[in-house]
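Inspection log for the structure reproduced underneath, given as structure tokens.
Just so it is clear: chains get the letters A, B, ... in the order the sequence lines come, proteins before strands, and each one is counted from 1. This one's a predicted model, so the numbers in the text were calculated from it and none came from an experiment.
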2 protein chains.
Amino acid sequence: MTSAEPLAASRLRPVPYSAAQKRVITAALELFTTHGVGGTSLQMIADAAGITKASVYYQFRTKEEIVIAAAEVDLARLEQALDAAEAEHDRQHALEVLLPRLVDLAVDNRRMVSMLQNDPVMVRLVAEYEPFRELMDRLHHLLVGDDPRTDQRVPAAALSAAIGSAATHPLVVDLDDDTLRASLLDLARRFLHLP
Amino acid sequence: MTSAEPLAASRLRPVPYSAAQKRVITAALELFTTHGVGGTSLQMIADAAGITKASVYYQFRTKEEIVIAAAEVDLARLEQALDAAEAEHDRQHALEVLLPRLVDLAVDNRRMVSMLQNDPVMVRLVAEYEPFRELMDRLHHLLVGDDPRTDQRVPAAALSAAIGSAATHPLVVDLDDDTLRASLLDLARRFLHLP
DNA sequence: GTCTATATGAAGATAGAC
DNA sequence: GTCTATCTTCATATAGAC
């Protein structure tokens, strides 16, 4: 972490959201994770936020802007984790910094992380919206390592998928956070052959 | 496999679909995997099948029936894999039968398997529609084992998520089927401490 | 910053002719 | 088995008052 900026500053969004915008984002997040982005209407968001549709449109010009704002909530934490990991001098240490943070993120926010990886609208957004795409590229680079020919790619993809989706799996939904966190971290280390 | 029925018969759907229905199902499958169920309209399905919306409604009474029919395509293969695994006498052998079939299913049909586990509409359907729920219960029982207190649950969830989602992961989309199949199977065995 | 009211289109679904 | 035409409802989005 070489940045001199205060904690709140993220390169994803230098201009912060207003309090009214944050209320909309919070409502949208909850709905997106249960109904998916495509299954969530602006009316549902407005109702959950306790305002009307027109007021939502005062805060955000389109539904897509809400989706981006919602995704940024978790991706800002991912960005911080990547910053910290990339400050290490070799991949081994970088992964030791990265993995616990990834697992924490997924456990704290189980359904959101899964949605970012799996919801069709989110998948498209992450692939096409440059700031998000860049984050994913950095993540993948850390997971796969420098050498593109070695087939570290399947384990890396599996690990990424496992951390993202295992936290929401029916087999595990009723497991407490601490147990899940410990198990996932252990699994992640085994995955990448770390101590 | 103790059933005396011919191969085509699945307990999921004793009455087969007509040719016209199959054309609709095929079109729907492709669209569901790219846009999600919620992001796919009947108009899109009709266009892809080369008929009108009204004709789609002649084949299926509701959109939900189409979703069920689409899900059955892959779940029928899952059912066969479960039948074969459960015919083995201990869990070790059952898993040795099950895992390669699961991996094959996920690789042959990458995006569909992921959608079954991740699309919000599918997740709800699988949880609430009895025939699908039963299949998932059988799968989870095989993955976790008999003893419900041991925490095999996180590895089982992670394995299930990894097989389902890794096949669609951006890191792996361009990997050929054979390589992916071999890597995933190897990972799956390591996951469950099989030889 | 929030509201009422409305425009415009597309969604799921049905009626009835061929 | 497919069509045209239509119904109803809900989607995104905007105009303009408070």
Does anyone know the first and last nucleotide of DNA chain D in reach of chain B, 5' to 3', at under 4.0 angstrom to a heavy atom?
D:dG1 to D:dT4
From CA spacing to verdict: salt bridge (Lys or Arg N to Asp or Glu O under 4.0 Å), B:Arg181, B:Asp176:
CA-CA 9 Å; B:Arg181 209 189 324 269; B:Asp176 67 284; over 6 Å; no
A:Asp186 versus A:Ser183, side-chain donor and acceptor atoms under 3.5 Å
no
Set out, in order, the CA-CA distance, both residues' side-chain angles and the distance that settles salt bridge (Lys or Arg N to Asp or Glu O under 4.0 Å) for A:Asp119 and A:Arg111, then state yes or no.
CA-CA 11 Å; A:Asp119 183 282; A:Arg111 293 181 305 169; over 6 Å; no
Please step through side-chain contact (heavy atoms from CB on, under 4.5 Å) for the pair A:Glu65 and A:Gln59, ending with a clear verdict.
CA-CA 10 Å; A:Glu65 281 194 16; A:Gln59 307 295 345; over 6 Å; no
May I have the list of side-chain donor-acceptor pairs in residues 123-137 of chain A shorter than 3.5 Å, sequence neighbours left out?
| unit_1 | atom_1 | unit_2 | atom_2 | d |
| --- | --- | --- | --- | --- |
| A:Arg124 | NH2 | B:Thr34 | O | 3.2 |

With 3.5 Å as the limit, what N/O pairs link the protein to nucleotides 9-13 of chain C?
| unit_1 | atom_1 | unit_2 | atom_2 | d |
| --- | --- | --- | --- | --- |
| C:dA11 | OP1 | B:Ser41 | OG | 3.3 |
| C:dG12 | OP1 | B:Lys63 | NZ | 3.4 |
| C:dG12 | OP2 | B:Leu42 | N | 2.7 |
| C:dG12 | N7 | B:Lys53 | NZ | 3.3 |
| C:dA13 | OP2 | B:Tyr57 | OH | 3.0 |
| C:dA13 | OP2 | B:Lys63 | N | 3.1 |
| C:dA13 | O5' | B:Tyr57 | OH | 3.3 |
| C:dA13 | N6 | B:Lys53 | NZ | 3.4 |

Under a 3.5 Å cutoff, is there a donor and acceptor pairing between the side chains of B:Tyr17 and B:Glu72?
yes
With a 4.5 Å cut-off on side-chain heavy atoms, are A:Val172 and A:Arg110 touching?
yes
Just to be sure I understand the rule, does B:Ala54 reach a base, reach only the sugar-phosphate, or reach nothing, if contact means heavy atoms closer than 4.0 Å?
base
Single hit among B:Asp83, B:Leu116, B:Leu12, B:Leu105 for side-chain contact (heavy atoms from CB on, under 4.5 Å) with B:Leu78
B:Leu105
